[in-house]
Amino acid sequence: MGRIKGMNMQNAAKTVEDLISRSNRLGADKRNTNFAGGNTSAKGIEKDPVTGEDVQLLWVKGSGGDLGTLKPQNLAVLRLDRLTALKNVYPGVEREDEMVAAFDYCLHGKGGAAPSIDTAMHGLVDAAHVDHLHPDSGIAIATAVDGEALTTKIFGNKVVWVPWRRPGFQLGLEIAAIKDANPQAIGTILGGHGITAWGATSEEAEANSLWIIDQAEKYIAENGTAEPFGAKLPGYGALPETERRAKAAALAPVIRGLASTDKPQLGHFSDDAVVLDFLEAAEHPRLGALGTSCPDHFLRTKVKPLILDLPADASIEDSIARLQELHADYREDYQAYYDRHADADSPALRGADPAIVLVPGVGMFSFGANKQTARVAGEFYINAINVMRGAEAISTYAPIEESEKFRIEYWALEEAKLARMPKPKSHATRIALVTGAASGIGKAIATRLAAEGACVVIADLNLENAQNVAEELGGPDVAIGVQADVTDEAQVAAAIDAAVLAFGGVDLVVNNAGLSISKPLLETTEKDWDLQHNVMAKGSFLVAKAAAKVMIAQGLGGDIIYISSKNSVFAGPNNIAYSATKADQAHQVRLLAAELGEHGIRVNGINPDGVVRGSGIFAGGWGAKRAAVYGVDEEKLGEYYAQRTLLKREVLPEHVANAAAVLTSNELSHTTGLHIPVDAGVAAAFLR
């Protein structure tokens, strides 16, 4: 083939640098494209390391990458001559999926990231730089019932309409042909899908992409109707913020349980004004039922949401009852959708639960296999609302046909992509709340649970420390930090609500918050006694009660772990208040295991001893007092404890975390009411 028009003669490193910069700029602005949506490319020259000759290469965003955070290692690198030669062996649209595997034979060197389905669009178009994006304004034109006419009206002959075509090799051929036939064109509107633009330079391609987006936005703003979603429905307006979020917290566990009927899901809540305004408008039931259109949207959101058809002031009880009815209807409807379009070669049904649940006056609950997926699904549905608004403002929203949605949702290529996903970790989709988690044993447990795939709420008296730990663990898609005094019922409830609104519910609670006062009986004051019992006995009770309420509402079972102590069964000196409250906690384990078992909630305990290093309790003065009791230097207290054990080993916070991870995994799925010693062997504390 001849050299691509405008082929970049600068060195390959500069070509890649410019492509990454352009991609990051485009991806950073969500009006241009959604997370992980769209792709960009550049063509250039590099010397073949084997022959020393110049070869034409294509660098294109690989499968699964995100433009906003794209890095060179996220690019697929292909030989352009081999890629374009695939036209000679193309078997036709009925077998175009075979071409994806053929891309592997076009890779240059190690090839970089896996080539995506859109690789042909970039490689076959005769332009040095190509952008494919999913801007809300562009998709609004693409999903308007008269989108082709609007394209001509808005852009003249600079942008060409492409009728809906599933992404793939055939679409790449058609866009390439359109560019060849329309030398004045700078891009296309892809029916039902998005936009594609090109340029001889990286700057020109980016400018052309932004011009298409800007012109579409401008036309909609200047010509759109004032109320594209219709008049406001009385009683469907947004509730005041405090009331709205309280209702969301009350409904979230039930909704998550419904959305997890087929498999456990994590949740995300949004009360974005875009969602609340949509749900207040008269046309939202009709538009919601039509579903989303852009493939990136409905692959995340499913073809349509579940929408509660009650006003904002409906009671919690009535809302739950109606949501349960609508969920049953949704599952039947989704099964019927699958049955209408599935054939002998279709992948099995992946689950009939909704990914998006909309509650008027409250907001949107979105779900996914992890927090990021759940959050992004919600962001995509906001994109879809913006698309519907734009299309309805200037025309009538007309998404792609249901049969085409099914072809993409149950695409063999999509199934293969899912099959390549790594095996979920032991605590994936689980939501944990750990008290006293900003240091010591609590931090070690939170860290281990996050490493095993859980989302974690770091609850601690010190908010700043809790937030710092959450950031260390990965930030809001993994962990959040909240302030909680476990002796205060209102603060405990607020911490549980924070977990519910951040991740959808609560599956696992670790009662770790504690303190210790080492005094003999005659020196122990009533204040000492009350403080110990308020924090550990009362605090554990309050946390367990609030968490159990959520777990029961979810219907997904759960785990409650008490970090008790060797002292709950061992009678040591000068320790009356601490040991008595630890014995209280230990018996709470047995009582709650007996009571909550019918709900699938397991309650177990861990009895550590001698955890000196990293311990907030020991650093707070307990260590010095215990060292004095045993007549050793404080810095050698850990060694002293180790030498009195059967294994002669020092116990660290991480060892307690190991026990917490195992107790809450499926490995001990049939175990409840158990206390596990983590004390390196203290015979006097053996359980009998």
Side-chain angles (χ1 to χ4, degrees), residues 31 34 133-156 159-166 187-196 212-233 236 273-299 301-307 309 333 337 340-341 356 358 360 364 380-409:
R31 77 187 186 109
N34 38 281
L133 304 171
H134 299 149
D136 294 347
S137 61
I139 306 175
I141 308 302
T143 56
V145 70
D146 53 347
E148 183 172 6
L150 283 170
T151 298
T152 301
K153 185 174 183 179
I154 297 169
F155 306 107
V159 178
V160 181
W161 172 264
V162 180
W164 161 257
R165 168 75 69 182
R166 188 175 66 164
T188 64
I189 296 290
L190 307 180
H193 185 166
I195 73 168
T196 295
I212 296 173
I213 295 167
D214 291 341
Q215 288 301 113
E217 287 180 349
K218 182 179 178 182
Y219 183 87
I220 293 169
E222 293 178 353
N223 298 277
T225 59
E227 292 185 323
F229 292 150
K232 293 183 177 180
L233 291 170
Y236 279 71
V274 171
V275 176
L276 296 171
D277 291 346
F278 175 66
L279 293 173
E280 187 180 7
E283 295 300 316
H284 83 261
R286 172 181 66 85
L287 293 167
L290 288 173
T292 53
S293 185
C294 176
D296 261 26
H297 292 183
F298 61 75
L299 280 173
T301 66
K302 284 199 166 174
V303 289
K304 61 183 178 181
L306 185 157
I307 305 177
D309 53 1
D333 184 63
Y337 153 77
R340 279 194 298 275
H341 303 294
I356 304 291
L358 303 173
M364 171 175 58
F380 276 43
Y381 199 77
I382 289 176
N383 289 136
I385 292 174
N386 291 332
V387 166
M388 290 185 277
R389 179 189 292 108
E392 289 284 305
I394 56 174
S395 180
T396 299
Y397 176 64
I400 63 174
E401 294 293 325
E402 180 186 272
S403 59
E404 288 298 301
K405 293 180 184 181
F406 182 87
R407 288 184 68 213
I408 289 177
E409 186 178 1

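Here the structure is a predicted model, which is why all the values come from computation and not from measurement.
Taking 4.0 Å as the cut-off between side-chain N and carboxylate O, E392 and R286 count as a salt-bridged pair. A salt bridge is absent between E402 and K405; no separation between the charged side-chain nitrogens and carboxylate oxygens falls under 4.0 Å. We find that E217 and R31 are joined by a salt bridge, their nearest charged nitrogen and carboxylate oxygen being less than 4.0 Å apart. Classification of K304 and D333 as a salt-bridged pair holds, one side-chain N sitting under 4.0 Å from a carboxylate O.
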(message) Applying side chain to side chain contact (heavy atoms under 4.5 Å, CB included) to I141 and T151, what does each step give before you reach the verdict?
(response) CA-CA 7 Å; I141 308 302; T151 298; 3.8 Å; yes
(request) List the steps and the verdict of side chain to side chain contact (heavy atoms under 4.5 Å, CB included) for D277 and K232. (result) CA-CA 9 Å; D277 291 346; K232 293 183 177 180; over 6 Å; no
(message) Let's go through D146 and K153 carefully: what are the C-alpha distance in whole Å and the side-chain angles of both, what is the deciding distance for side chain to side chain contact (heavy atoms under 4.5 Å, CB included) to 0.1 Å, and is it a yes or a no?
(response) CA-CA 11 Å; D146 53 347; K153 185 174 183 179; over 6 Å; no
(request) Step by step, work out the side chain to side chain contact (heavy atoms under 4.5 Å, CB included) result for L150 and W161. (result) CA-CA 9 Å; L150 283 170; W161 172 264; over 6 Å; no
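Interatomic distance, CZ of R389 versus OG1 of T225, reported as 10.5 Å (0.5 Å rounding). Distance CG/N383 to CG/D136: 4.5 Å, rounded to 0.5 Å. One finds the CG atom of L133 at 11.0 Å from the CG atom of D296 (value rounded to the nearest 0.5 Å). To the nearest 0.5 Å, atoms CZ (F380) and OG1 (T301) are separated by 9.0 Å. The structure places CD1 of I189 at 9.0 Å from OG1 of T196, a figure rounded to the nearest 0.5 Å.
Nearest heavy-atom pair, Q215 versus F155, reported as atom, atom and distance to 0.1 Å: CB-CE2, 3.6 Å. The minimum heavy-atom distance between I139 and C294, with the atom names listed, is CD1-CB, 3.9 Å. When all heavy atoms are compared, the tightest approach of F298 to T292 is CB-OG1, 3.0 Å. L287 and F229 get closest at one heavy-atom pair: CD1-CD2, 3.4 Å. Across every non-hydrogen atom of I195 and G138, the tightest pair is CG2-CA, 4.0 Å. Between L358 and P360 the shortest heavy-atom distance is O-CD, 3.9 Å.
Using a 3.5 Å distance cut-off with no hydrogens or angles, the side chains of Y337 and E409 do pair a donor with an acceptor. At a cut-off of 3.5 Å, with distance as the only test, a side-chain donor of H134 or H193 sits close to an acceptor on the other residue.
For the pair P228 and Y397, the minimum side-chain heavy-atom distance is 4.5 Å or more.
Considering V275, I356, V274, N386 as possible partners of Y381, the one that fulfils the side chain to side chain contact (heavy atoms under 4.5 Å, CB included) test is I356.
Note on ring orientation: taking the six-membered ring where Trp is involved, the planes of Y236 and H284 are tilted (angle from 30° to 60°). F406 and H341 have tilted rings, their planes meeting at an angle from 30° to 60° on a 0 to 90° scale.
For the pair S293 (side chain) and I400 (backbone), a donor-acceptor distance under 3.5 Å is present. Of the possible donor and acceptor atoms, one in the side chain of S137 sits under 3.5 Å from a partner among the backbone N and O of I213.
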